[in-house]
Number of protein chains: 2
Amino acid sequence: MNKVFKALSDPTRRHVLQLLRDKPMSAGELAEHFAVSKPTMSAHFAVLREADLVDATKDGKSVIYRLRLSVLEDALLAFTGAIGLELKPDETHTNNKETHND
Amino acid sequence: MNKVFKALSDPTRRHVLQLLRDKPMSAGELAEHFAVSKPTMSAHFAVLREADLVDATKDGKSVIYRLRLSVLEDALLAFTGAIGLELKPDETHTNNKETHND
DNA sequence: TAGATAATTAGCTAATCATCTAAATGATGT
DNA sequence: ACATCATTTAGATGATTAGCTAATTATCTA
């Protein structure tokens, strides 16, 4: 979980996850979206892999990255759970600050 | 939002937020829970303040920190929204991977 | 087998970070 | 005014990080 939060602390890496939300993409394809060098992107991918937020599979010359949504979900849930924060996607927010105490 | 995620990338700071979930606490009271020096904790508090995750008010000799839950909520919501991840606290998870596309 | 292409590793630098001790600030109480 | 207590600031250090270019590895194709 610590690795997940470390991985999420960089905006480039968060953006990579966002791109991966739609479909799996190759390293090069992902890299095209950013203004940094390929090796720099490769390092970011390594951090995401290390956190298990993405899955890498080799396909010929390319490496295809896939988002591991459940890992992200679990980490976020563990954290929001520990804080006592219920994250409703919509619903103009319910005050559940003390709910855990009842 | 970037500052929020940067702030969350350190386990000590996440733990501070967790302690603050129950009640506002002074810097010293918070510091007691950790094995690092007061100045180190003070630096962590500054990062949390900078990210607006906590609110600091002076009360006599002490500084009382309060969790700003809504800021955390907003950042997390912005991110999960961008990823297309719906975070349900319980409910053994619904597969909503492609939901955004319909 | 060469050459081209995709990605990673190696090696470096500059910046940021977490940590420490010592000193400064600020408020309270004698 | 002075001592004390709570916290922050200053200043230093070692570790980690994000970035780069150049070199390497792996795969494909002519």
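Treat the numbers as computed from the prediction; the structure is a model and nothing was measured. Chain naming here is simple, since letters A, B, ... match the order of the sequence lines and numbering starts at 1 in each.
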With sequence neighbours excluded, what pairs up with [X] under the side-chain contact (heavy atoms from CB on, under 4.5 Å) test?
X: B:Thr12; value: B:Asp10, B:Phe34, B:Met41, B:His44
X: A:Lys38; value: A:Ala31
X: B:Lys3; value: B:Glu50, B:Ala51
X: B:Val71; value: B:Val4, B:Asp52, B:Leu53, B:Arg68

Could I get the full list of side chain to side chain donor-acceptor pair (under 3.5 Å) partners for A:Asp55, not counting sequence neighbours?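 For A:Asp55 there are no side chain to side chain donor-acceptor pair (under 3.5 Å) partners, ignoring immediate neighbours.
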
Pick out the pairs of N or O atoms, protein on one side and nucleotides 10-15 of chain C on the other, that lie under 3.5 Å.
none

Could you check which of C:dA6, D:dT8, C:dC20 has an atom nearest any side-chain atom of B:Tyr65?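 Out of C:dA6, D:dT8, C:dC20, the nucleotide with an atom closest to B:Tyr65's side chain is D:dT8.
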
Of the options C:dT28, C:dT21, C:dA6, whose atoms approach the side-chain atoms of B:Ser37 most closely?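 Per side-chain heavy atoms of B:Ser37, the pick is C:dT21.
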
For A:Leu8, is there any backbone N or O sitting under 3.5 Å from a side-chain donor or acceptor partner on A:Arg13?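 Checked: no pair found.
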
Give me the residues of residues 41-59 of chain A where at least one heavy atom lies under 4.0 Å from an atom of DNA chain C, by number, or none.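 Residues of residues 41-59 of chain A that come under 4.0 Å of DNA chain C are, in numerical order, A:Ser42, A:Phe45, A:Arg49.
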
Contacts table for residues 59-66 of chain A: side-chain donor-acceptor under 3.5 angstrom, sequence neighbours left out:
unit_1: A:Tyr65; atom_1: OH; unit_2: A:Arg49; atom_2: NE; d: 3.3
unit_1: A:Tyr65; atom_1: OH; unit_2: A:Arg49; atom_2: NH2; d: 3.4
unit_1: A:Arg66; atom_1: NH1; unit_2: A:Thr57; atom_2: OG1; d: 3.0

Pairing residues for A:His33 by the ring-ring contact (aromatic ring centres under 6.0 Å, His included) criterion, not counting sequence neighbours: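 In terms of ring-ring contact (aromatic ring centres under 6.0 Å, His included), with neighbours along the sequence ignored, A:His33 is linked to no residue.
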
